A.B. asks: 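The structure that follows is given in the form of structure tokens.
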Amino acid sequence: RIGVTQAPRELSIEVDDAQRDDIKAAVEAALSGATDVLWIADKRGRETGVPAAKIAYVEVGSADGDRRIGFGG
């Protein structure tokens, strides 16, 4: 998930687990100023570009086991 400044919603992009390290490297390059736009390709081959200056946060993780429903403890 990518949070974008001055946008009411975050971007959710589904990628393969094998791309995790590549995505982290691309995010670090965008935030360090090496690139102006962060481009990420999803599982279907669609590409999403986010201006590096507008990135508020990036969350990289697995969506499988992290979600809980109900009043668990």
Side-chain angles (χ1 to χ4, degrees):
R1 296 187 303 189
I2 302 172
V4 181
T5 59
Q6 299 179 352
R9 290 203 226 166
E10 62 191 14
L11 300 173
S12 294
I13 302 171
E14 291 186 35
V15 297
D16 293 324
D17 287 336
Q19 291 180 311
R20 184 174 293 184
D21 292 333
D22 295 336
I23 291 172
K24 286 181 184 179
V27 169
E28 288 177 6
L31 293 178
S32 70
T35 59
D36 293 333
V37 180
L38 171 65
W39 287 100
I40 298 178
D42 67 2
K43 287 183 176 181
R44 296 180 181 168
R46 295 179 295 188
E47 292 190 9
T48 303
V50 179
K54 298 291 183 179
I55 297 173
Y57 64 89
V58 177
E59 182 179 314
V60 179
S62 175
D64 293 338
D66 293 341
R67 300 191 183 240
R68 295 183 184 176
I69 298 174
F71 299 101

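Keep in mind that this is a model prediction, so the values were computed, not measured.
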A.B. asks: Sequence neighbours left out, what pairs pass side-chain hydrogen bond (donor to acceptor under 3.5 Å, both in side chains) with at least one residue falling in residues 7-16?
C.D. replies: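 Counting only pairs at least two positions apart or across chains, the side-chain hydrogen bond (donor to acceptor under 3.5 Å, both in side chains) contacts touching residues 7-16 are Arg1-Glu10, Glu10-Tyr57.
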A.B. asks: Starting at CG of Leu11, measure out to CD of Glu59 and round the result to the nearest 0.5 Å.
C.D. replies: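 The CD atom of Glu59 is 13.0 Å from CG of Leu11, to the nearest 0.5 Å.
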A.B. asks: Going only through I, L, V, M, F, W and Y residues with side-chain contacts under 4.5 Å, is there a path from Val4 to Val15?
C.D. replies: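 The answer is yes; both residues are in one hydrophobic cluster.
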A.B. asks: For Asp42, which residues count as a side chain to side chain donor-acceptor pair (under 3.5 Å) partner, sequence neighbours excluded?
C.D. replies: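 Listed in chain order: Arg46.
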A.B. asks: Nearest heavy-atom pair of Ala41 and Gln19: which atoms, and what distance?
C.D. replies: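 Scanning both residues, the minimum pair turns out to be O-OE1, 3.8 Å.
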A.B. asks: Sequence neighbours left out, what passes side-chain contact (heavy atoms from CB on, under 4.5 Å) with Leu31? Give chain and number order.
C.D. replies: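 Here the qualifying residues are Val27, Ile55.
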A.B. asks: Provide the closest heavy-atom pair for Ala30 versus Ala52 in the form atom of the first, atom of the second, distance.
C.D. replies: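 Shortest heavy-atom separation between Ala30 and Ala52 comes out as O-CB, 3.3 Å.
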A.B. asks: Side chains of Leu38 and Ile2: does their closest heavy-atom pair fall under 4.5 Å?
C.D. replies: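 Yes, close enough: below the 4.5 Å cut-off.
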